[in-house]
Structure formats: structure tokens, C-alpha cells
Amino acid sequence: MHQWDFASVLDNADVFAVGALGTLRIFAICLVAGLSFGLVVGLGRYSQRRVFYWPATAFVEFFRNTPVLVQIIWFYFALPILMPFSISPLAAASLGISLNSAAFSAEIYRAGIQSIDRGQWDGARALGMSFLQAMRRIILPQALKRMTPALTNRAIEIFKMSTLASAIAYVELLQQAKLIASLNFNPIEAYTAVAVIFFVFLWPMVQLTYVLERRLARDE
Amino acid sequence: MTILKVSGLIKRFGGNEVIRGIDLDVEKGERIAVLGASGSGKSTLLRCLNFMEMPDAGTITLDGKLVGHREAELTLVRQRIGMVFQQFNLFPHMTALGNVMEGLRTVRRMSKPDAEARAERELARVGLADKAAHYPAHLSGGQKQRVAIARALAMDPELLLFDEPTSALDPELVGEVLGVIRSLAEEGRTMLLVTHELGFAYHVATRVIFLADGTIHEQGTPDEVLKHPRRERTQAFLARHKEFSL
């Protein structure tokens, strides 16, 4: 029977704190980059014009059908061989997670935009609005509301995907747990602590999305 | 003075030719009622006039200037031709006032106080000054359509297109919308109106056009077309409409 000993973990709270900061940093970067680039790709997927549609579609298909972990490792180990510069673990992991999130969120944006009644386009265009004006003022505000639950799910995914960055030794929670486990020979406690920390971060976030969903459903 | 001149207009959807060569001159101050069975091309004709649908052939001249080639120009044309839809197409995330202000703010780049003042005037004109802060979800069908009319009027259009503006309304709400349209007619506004309200067409229109199979089958004064139709299909259409009238 294992004797649980969390003292060795608590002693290393500062190490976890550094890891938590790293996790939050990559989460913030990937959330902003992934969801905003996803909007651009989503608009491309929605476009009738081939010059926009085909590259966006190729992008989505490629990044949806390859594992994020492979992308992160590829950006970190393979890209610097092809290019005349090296790349930091943060940059490589951010690229992989952001591009993957962009591909998935693009489909959320496309579906959300498509779900808006054609009459809304008619109403906007009849006033003399350009495509971009109609999109910005009329279509997106309504579509974003419908997309909120799906997009918050993406955010939660991104948060959890950040642990993949440990594969290239980016300093985040899981990476720090590895470090603590190897120094104190307490993998059970160290990795349990990581799971608990993630739960403590994510559970309130998920509850918030439930509240948000109910609110939006009421407004409809 | 001819505001709008349409010639040889053709519109196809897939292999289906919906508008088959329509010529039409709209004079300033004219009120043209467009009648026809469903599928005769009434709505498509209207939607081609402000390029909500791109015509496949033919020309449209607005105030003597040939229009309809560049997208940037189409948005300008649509600012000058107002349109009111069967399903209102109000923006549900904006109040009644916000709906009426939207074109002024986003398209005309008018300042907020100016747009607000203008929008309030337009809402008052359609009798909805007290509903300015209401969202469309909290308005009746008739009120929604009046907001939609105010929204179109705010842009000061030279020509107004009404695409079956009362067809989606409960019968008891039709009157308030027709009342607003009649008051616009009395102001001398130029308008094209696709409608099934024959009585309204008779009393308000200066000209009636009967469409069949995507062509103008018969046209003339309301008295000529509605009371003394010369052609068989017009007669049959009117007979069907009168079958259950009191």
C-alpha cells in the first residue's frame, strides 16, 4: 500500500507556481492566436471565392487530421533544420496548439455564420452595407452568441492541450511535475497534484460556461 | 422624369428562367403594384432592381446612369433604393431605434446624435416613437414591419421596394402596415409594391402590372387591370382572388 505523502509536493509549491504561470502564458497566447486566426480561416471556409475557400479548406483538413503533439515536435525539431533559425519551446508549442485550435474553431465560425438566417444578409445589404460591414455589424454579433458554448469548449481544450508542450520541455505544470517527481521520487503525488491543479482551474471555468449557456438560451 | 429604366431584364436560377425579358420605366412619384401568381417572378423582379439578385442579362438605369457592374457601385445603388421584406429582416440584436440608426451610422457614417434624432423622427412617422427602446422580439408583426419601413426611410431612398410587406402578418395587423404605406404614397414617394392586397393596389397604386411566367402579361391603371382586365390569365387570376371575397 502506497503511503501518500503530499508534503514533498507542497515543499515544491514554488516550482508548481512557475509551471502554472507557464501554463497560463501558453494558454493566453494560443487562445487569442487560435481563436482569432480561426475566424479568418472560418471566413475563408464560408467564402464563395475559390482563392479564399481552397486554402482555408486545405488548412483545416491538414491541421484537423494530424496530431497536435506531432505538430509541436515537428515545429521544434524539424522546422529549425529546414529554416535558418531555431525556435523556442514556447513558440513551437504555441504554433502547434494555435494552428490546431484555429482549424477546429474555423469550423465553429463557419457553422455559426451559416446558421444566421439569409434574411439578415438581405436586410443588411438592402441598406447598402458592404460584405464586411454586414459581417461585422449584423452577422457576427448574432453568430458569436450562438457560437459561445462551442468556443468556450475550445478554450477548455486549449487549456488542457498546453500540457503537450512538456514534450519539448516547455516549463508548464506537467513539465514541473516531471521535474519534482524525478528529484523527490514521488511521481504519484506530483502527477496527482497536476491533475488537481488543472481541475481547480478548469472546474470554475466550466461552471461559468454553463451559466453563460443558460443566459444565452434565455435571451434567444 | 424617369427614375428607373429596366430593359431586357433576364434572371435564371440554374436552368430555370424566372424573369424572361422585362422592360419597365418607373416615373418619379409613380406607385406601381406588381401582381401575379406565386412563381410568376414578382419577388425576383423586385430583388433584381436593387441587385439583391444579379440579373443575367438586361440593363438597369438609375437617374439616367447605367448601373450594376462593380460591387462598390451596387452598395451605392442599394442606398438609393429602399427595400422592405415580407419577413421584415429586422436585426434582432438591436432595438427598434438601433435598427433604424444602423444604416445611417454604418453606411452613411452619420454622427450618433444626428442618427439618433433622425431615427426617432422616422419611428414617429410610422407611429412607433414609444417603441424605440424595444427589441424586435418584443414587437408585434405589424410593429416590426413598421420599424422595417422606418429603417428603409431613414436612408432617404429615391425609390421604395415592398416585397409582399403584409403577407407574413396576422390579418388584424395588415391594416396598420398598409396605413403607413398609404401615407408614404400620399407624400408622393415613388414605390414598387408586390402584393396580394388587391383592394389596396386598386386604391393606392397609379399603375398595376400583372406578371405571368416572368414577363409583363398586362399593365395599366388599377381600373383597367383590376376592373376590366383584357387578357385571360389576368382575368383568371383575379377571379381566383375574388372567389371568397364578401
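We name chains A, B, ... by the order of the sequence lines, and we start the count at 1 in each one.
For B:Phe13, the CZ atom is densely surrounded, since the number of other residues' heavy atoms within 6.0 Å is greater than 12. Shown here is A:Lys178, whose NZ atom has more than 12 heavy atoms of other residues, nucleotides or ligands within 6.0 Å.
Residue pairs meeting the ring pair (Phe, Tyr, Trp, His ring centres under 6.0 Å) criterion with at least one partner in residues 18-42 of chain A, sequence neighbours excluded, are A:Phe27-A:Phe159, A:Phe37-A:Phe59. Listed by first and then second residue, the side-chain hydrogen bond (donor to acceptor under 3.5 Å, both in side chains) pairs that reach into residues 64-75 of chain A are A:Glu61-A:Asn65, A:Thr66-A:Gln71, sequence neighbours excluded.
Heavy atoms only, all atoms of each residue included: B:Met83 and A:Ala126 are closest at CB-CB, 4.0 Å. Residues B:Phe91 and A:Gln120 come closest through the heavy atom pair CD2-OE1, 3.3 Å. When every heavy atom of B:Glu53 is checked against every heavy atom of A:Arg118, the shortest pair comes out as OE2-NH2, 4.3 Å. The heavy-atom pair separating A:Gln142 from B:Pro92 by the smallest distance is OE1-CG, 3.2 Å. The nearest pair of heavy atoms linking B:Met52 to A:Asp122 is CE-O, 3.2 Å.
Contacts between B:Phe85 and chain A at a heavy-atom distance below 4.5 Å involve the side chain alone, from C-beta outward. Looking at B:Ile81, only its backbone comes within 4.5 Å of chain A, counting heavy atoms on both sides. With a threshold of 4.5 angstrom between heavy atoms, B:Leu90 approaches chain A through N, CA, C or O but not through any side-chain atom.
Summarising the geometry, atom CD1 belonging to A:Ile138 is positioned 7.5 Å from atom CG belonging to B:Asn99; distances are rounded to the nearest 0.5 Å. Going from atom OG of A:Ser130 over to atom CG of B:Leu76 covers 11.0 Å, rounded to the nearest 0.5 Å. Between the CZ atom of A:Arg136 and the OG1 atom of B:Thr106 there is a distance of 6.0 Å, given to the nearest 0.5 Å.
Of the options B:Glu102, B:Arg105, B:His93, a side chain to side chain contact (heavy atoms under 4.5 Å, CB included) to A:Arg137 is made by B:Glu102 and by none of the others.
Of all residues in residues 119-156 of chain B, those placing a non-hydrogen atom less than 4.5 angstrom from a non-hydrogen atom of chain A are B:Arg151, B:Met155.
Here B:Arg47 is the residue among B:Met94, B:Arg80, B:Gln86, B:Arg47 with the most heavy-atom pairs under 4.5 Å with chain A.
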Which pairs would a plain distance check flag for residues 81-98 of chain A, meaning a side-chain donor or acceptor within less than 3.5 Å of a matching protein atom at least two apart in sequence or in another chain?
residue	atom	partner	partner atom	Å
A:Ser88	OG	A:Ala91	N	3.0
A:Ser94	OG	A:Leu90	O	2.7
A:Ser98	OG	A:Ser94	O	2.6

